[in-house]
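Predicted, not measured: the structure shown is a model, and the values here were computed from it. Order of the sequence lines fixes the chain letters, A, B, ..., with proteins taken first and strands second; residue numbering starts at 1 for each chain.
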Amino acid sequence: MDAIKSFINIFADPRLFFLLSVVALALIVWKREIFARNAVGYGLMAVLAVFFAFGLFDENFVLIIAKPDNVPIVALIFLVIFFTWYSMREAVRNDERMAAGDDVIEKQESDRVWVWPDLVYTELISLILCTAILVVWSIGLEAPIEQPANPAATPNPSKAPWYFLGLQEMLVYFDPWLAGVVLPSLIIVGLMAIPYIDTNPKGNGYYTFNERKAEIVIFLFGFVVLWSSLIVLGTFLRGPNWNFFGPFEYWDVHKLEALTNVQLSDYVWVRGLGQSLPDNILLRESVGILLTLGYVFALPVILARTVFRNYYEKLGATRFYVTVVLFLMMLSLPVKMLTRWVFNLKYVVSIPEYFFNI
Amino acid sequence: MADAKTIEPQESSLVRFWNWLTETQIWTSVFRHAAPINDRNRVLVMLSNVFLHLHPVRLKKHGVRLRYTWCMGGLSFFLFLNLTFTGVLLMFYYRPTLEYAYSDIVGLREHVPLGIMREMHRWAAHAMVITVWLHMFRVFMTGSYKPPREFNWNVGVIMLVLTLLLSFTGYLLPWDQLAIWAITVGSNMARATPFLGYEGPGASLLALGDVQLIHAAADARFALLGGTFVGEGALLRFYVLHCVALPLAIGFLMAVHFWRVRKDGGISGPL
C-alpha cells in the first residue's frame with residue numbers, strides 16, 4: 001500500500017507530471033483509433049474513480065481533496081478527461097466515415113426537427129437535472145468560511161482562486177509581469193485571434209481530427225496540458241512555500257528545497273569566461289537579451305524560410321507571423337520549464353534594477 | 001335478442017375542467033394559441049412566447065443532440081440565471097463593510113434555517129466556470145468558430161473573461177482568510193503590470209523630473225483595490241463590480257451572443 005503511494009508521489013513530481021501529460025497527449029493523437037474505443041474511455045473513468053476511492057483511505061489525500069473549494073477541481077479532472085476522449089471519439093468516427101466515402105454524422109442528421117418538443121424538452125430535462133445536482137451538492141457540502149480576514153496573518157500556502165492556479169504555477173518559472181500580466185493577456189488575445197489565423201475551411205460544424213490536425217493538437221496542448229493540468233498541479237500538489245508535495249504526502253511547513261537556480265549572466269560571465277559580472281547592465285545581460293530578441297523576432301523569420309515554409313505561403317505574412325509569435329509565446333512556458341529543470345536556469349534576462357526579469 | 005347498447009364516451013371531470021380553463025378569457029389572453037401538438041401551433045409557440053423566441057422554429061437534428069452540443073452553453077446560461085436569483089437573495093443579508101461583511105456571512109449560516117442559498121451560489125459559480133470552459137472546448141472541437149461565426153467566438157472569449165472576473169470579485173465578499181489572501185495573491189499581479197504597476201518593468205521611466213508618476217498609491221493595483229492593500233476600498237469595489245457592473249456587462253453580451261447565433265445561421269453544422 002505504502003509502496004503504491006510513494007510510487008504515485010514520485011510520478012506527481014512537476015517534471016514527470018508535465019512530461020507524462022505531454023507523452024499522453026502525443027499517444028492520444030498518434031494512437032487515436034485505439035484511444036477512441038469505448039473501452040478506453042470508460043476504462044479511464046474507472047481507473048480515475050478507483051484512484052480517488054483508493055485515495056480516500058489516506059488522510060493526507062483526503063485533506064486536500066475534501067477541501068470544499070477543491071471539489072469542483074476533482075470534477076474538472078473527470079470532465080476534462082472525459083470530454084477530451086469523447087470529442088476524439090466522435091472525431092475518429094467521422095474521420096472513418098469520410099475515409100469510407102460516407103457523410104459525417106452531422107451531415108446525415110441535417111434534416112430538421114421541431115424545436116418544440118425536441119429541443120425545449122432536452123433543455124427542460126437538463127435544467128431540472130442541473131438544479132437537482134446543485135441542490136444535492138449544496139445540502140451535502142457546506143460553503144467554506146474560515147477565520148475572519150486578518151491582513152497580519154498570511155496563510156502558507158496563499159493560493160489564488162482555483163481557476164487562476166495555472167497562472168500562479170507559472171510564477172515558479174516567470175516573474176509576475178510575465179506570468180500575471182503579459183502571458184494571461186496573450187492567452188486572451190490568442191483565443192480571440194483563433195478564427196482569424198485559422199484559414200482552414202474544413203472541419204466547420206462537425207467533429208474531425210484528420211482535417212484539422214495542427215489546430216486540434218495545439219488547442220489540446222494549450223487547454224488540457226498547460227491550462228487544466230497546471231491547475232490540478234497548483235491545487236493538489238503545491239503546499240507550503242509553494243513546494244511540491246505528492247498527493248499522499250504530508251504538507252510539512254518545514255520542507256526545505258535547495259534554491260540552486262542560476263542566472264544566465266552568471267553562466268556566461270562567471271562560469272563561462274571566469275570573470276566577475278560587468279557593471280554595465282546591457283553588457284551583463286547581452287547574451288540573454290540577444291537570445292530573447294532572437295526568440296521573438298528572428299526565430300519566426302527563420303521558421304518562415306525553413307520548416308514552416310508551406311504555412312507561410314498558405315497563410316500570408318501577417319497571419320503567419322501573428323500565429324507563430326503567439327505559438328512561441330505559448331511554448332515559452334515549457335521552454336522555460338525545461339531550461340529550469342535541466343540547467344537550473346533562473347532568468348534568461350535578469351535586470352532586477354528595473355523589475356525586468358525574463 | 002336485445003339491441004346492443006352504445007355507451008357514450010364520458011369525459012372525466014379533469015378533462016372537462018381543463019377544457020373550461022383553456023377557454024376562459026384569462027387563459028386565452030395569456031396563450032394565444034392551442035397547445036403545440038400540431039405543426040401550426042409548434043410554430044406559433046416559438047413566435048408568440050418571448051422566452052422561447054430565442055429559438056428557431058425548427059433546427060437540424062444533430063443540433064438537438066447532446067453528442068454534438070454537450071449542452072454546455074445552455075447550462076452556462078442556466079447557471080447564470082441561477083446565480084442571479086441566489087445572488088439577489090444573498091444581497092438581502094449582506095453588507096459590504098469591514099464591520100459587517102464577515103458576520104453577515106456567518107449569520108447566513110447560523111440564523112437562516114435550512115439556508116442553502118450561499119452554498120448554491122458558490123457551487124453554481126464554480127460550476128459555471130467549468131461549463132463555460134467546456135462550452136469553449138466543444139465549440140473549438142466542432143470548428144464552430146470558423147466563418148461566419150468568428151465574431152461570436154470573440155464575444156464568447158470576452159464573456160469567458162467576464163465569468164472569471166465575476167467569480168474572482170465574488171471570492172472576496174465573505175471577507176474571511178480564504179477570501180482576502182486569494183484576492184491578495186491575485187491582485188498582487190497587477191503591481192507588476194509593465195509601466196502601470198509600481199513594481200512593473202518600465203514604471204520608473206514614467207517620471208516628471210524627480211516625481212514618480214507610478215508609485216504604490218498610484219498604479220494599476222491601486223486602481224483595482226482602491227487602496228494599497230485588500231481593505232475597505234477593495235471590498236466596496238469588488239461588491240459593486242460583482243453585483244452590478246459585471247452582471248450588466250455579461251448580460252448585455254449574452255444578448256449579443258444569442259442574437260448572433262441565430263443571425264449567423266443557427267447552430268453550426270456541416271456546410
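Interface remark: B:Val129 contributes side-chain atoms only to the contact with chain A (heavy atom separation under 4.5 Å). Both the backbone and the side chain of A:Thr131 come within contact range of chain B, judged by heavy atoms closer than 4.5 Å. Contacts between B:Leu114 and chain A at a heavy-atom distance below 4.5 Å are absent for every atom of the residue. Heavy atoms closer than 4.5 Å to chain A are found nowhere in B:Ala179, neither backbone nor side chain. With a 4.5 Å cut-off on non-hydrogen atoms, B:Val157 touches chain A through its side chain but not through its backbone. Only the side chain of B:Leu160 has a heavy atom closer than 4.5 Å to any heavy atom of chain A. For chain A, the nearby part of B:Leu75 is the side chain; its heavy atoms alone come within less than 4.5 Å. Using a 4.5 Å cut-off between heavy atoms, A:Phe209 does not touch chain B at all. When heavy atoms are compared at a cutoff of 4.5 Å, B:Phe78 approaches chain A solely by way of its side chain, counted from C-beta outward. Only the side chain of B:Ile105 comes within contact range of chain A, with at least one heavy atom under 4.5 Å from a heavy atom of that chain. B:Leu52 touches chain A through its side chain: at least one heavy atom from C-beta onward sits under 4.5 Å away, while N, CA, C and O do not.
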As a quick check of understanding, evaluate salt bridge (charged side-chain N to carboxylate O under 4.0 Å, His left out) for A:Glu106 and B:Arg67, giving each step before the final call.
CA-CA 10 Å; A:Glu106 289 83 352; B:Arg67 167 195 171 270; 3.2 Å; yes
side-chain contact (heavy atoms from CB on, under 4.5 Å) between A:Phe164 and B:Tyr171, worked out
CA-CA 12 Å; A:Phe164 289 147; B:Tyr171 215 86; over 6 Å; no
Step by step, would you call A:Leu191 with B:Met136 a side-chain contact (heavy atoms from CB on, under 4.5 Å)?
CA-CA 10 Å; A:Leu191 282 173; B:Met136 180 187 73; 4.0 Å; yes
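Relative ring orientation between A:Phe219 and B:Phe140 is described as parallel, the plane-to-plane angle staying below 30° on a 0-90° scale split at 30° and 60°. Between B:Trp70 and A:Tyr207, the ring-plane angle classifies as parallel under the 30° and 60° cut-offs.
Scanning all heavy atoms of the two residues, the minimum distance from B:Ser144 to A:Asn204 falls at CA-OD1, 4.5 Å. B:Tyr68 and A:Tyr206 get closest at one heavy-atom pair: OH-N, 4.0 Å.
Outside the 6.0 Å centre-distance limit, the rings of A:Phe83 and B:Phe137 are not counted as a close aromatic pair. In this structure, A:Trp162 has its ring center closer than 6.0 angstrom to the ring center of B:His126.
A salt bridge is absent between B:Arg122 and A:Glu142; no separation between the charged side-chain nitrogens and carboxylate oxygens falls under 4.0 Å. Under the 4.0 Å criterion applied to side-chain N and carboxylate O atoms, B:Arg65 and A:Glu109 are assigned as salt-bridge partners. With respect to A:Asp198 and B:Lys146, a salt bridge is recorded, a charged nitrogen being found less than 4.0 Å from a carboxylate O.
Heavy-atom pairs under 4.5 Å with chain A were tallied for B:Glu150, B:Gln177, B:Met189; the largest tally goes to B:Gln177. When each of B:Arg109, B:Arg191, B:Arg138 is checked for heavy-atom pairs under 4.5 Å with chain A, B:Arg109 comes out on top. Per-residue heavy-atom pair counts under 4.5 Å with chain A were compared for B:Ser167, B:Ala127, B:Pro56, and the maximum is reached by B:Ser167. Put simply, of B:Ile180, B:Ile130, B:Ile116, B:Leu59, the one with the most heavy-atom pairs under 4.5 Å next to chain A is B:Leu59. Highest contact tally toward chain A, considering only B:Gly74, B:Gly186, B:Pro174, B:Gly200, is held by B:Gly200 [criterion: heavy-atom pairs under 4.5 Å].
In this model, no donor atom of one side chain and acceptor atom of the other lie less than 3.5 Å apart for B:His62 and A:Gln108. Counting only N and O atoms by type, the side chains of A:Tyr354 and B:Ser204 include no donor and acceptor under 3.5 Å apart.
Using a distance-only test at 3.5 Å, with no hydrogens or angles considered, a donor-acceptor pair links the side chain of B:Glu119 to the main chain of A:Ala143. Judged by distance alone, with hydrogens and angles left aside, the side-chain atoms of A:Arg212 form a donor-acceptor pair with the main-chain N or O of B:Met141 at under 3.5 Å. Remark: side-chain polar atoms of B:Trp153 are not paired, donor with acceptor, to backbone N or O of A:Ile194 under 3.5 angstrom.
Counting heavy atoms of neighbouring residues, nucleotides and ligands inside a 6.0 Å radius, atom CD of A:Gln147 does not exceed 12 of them.
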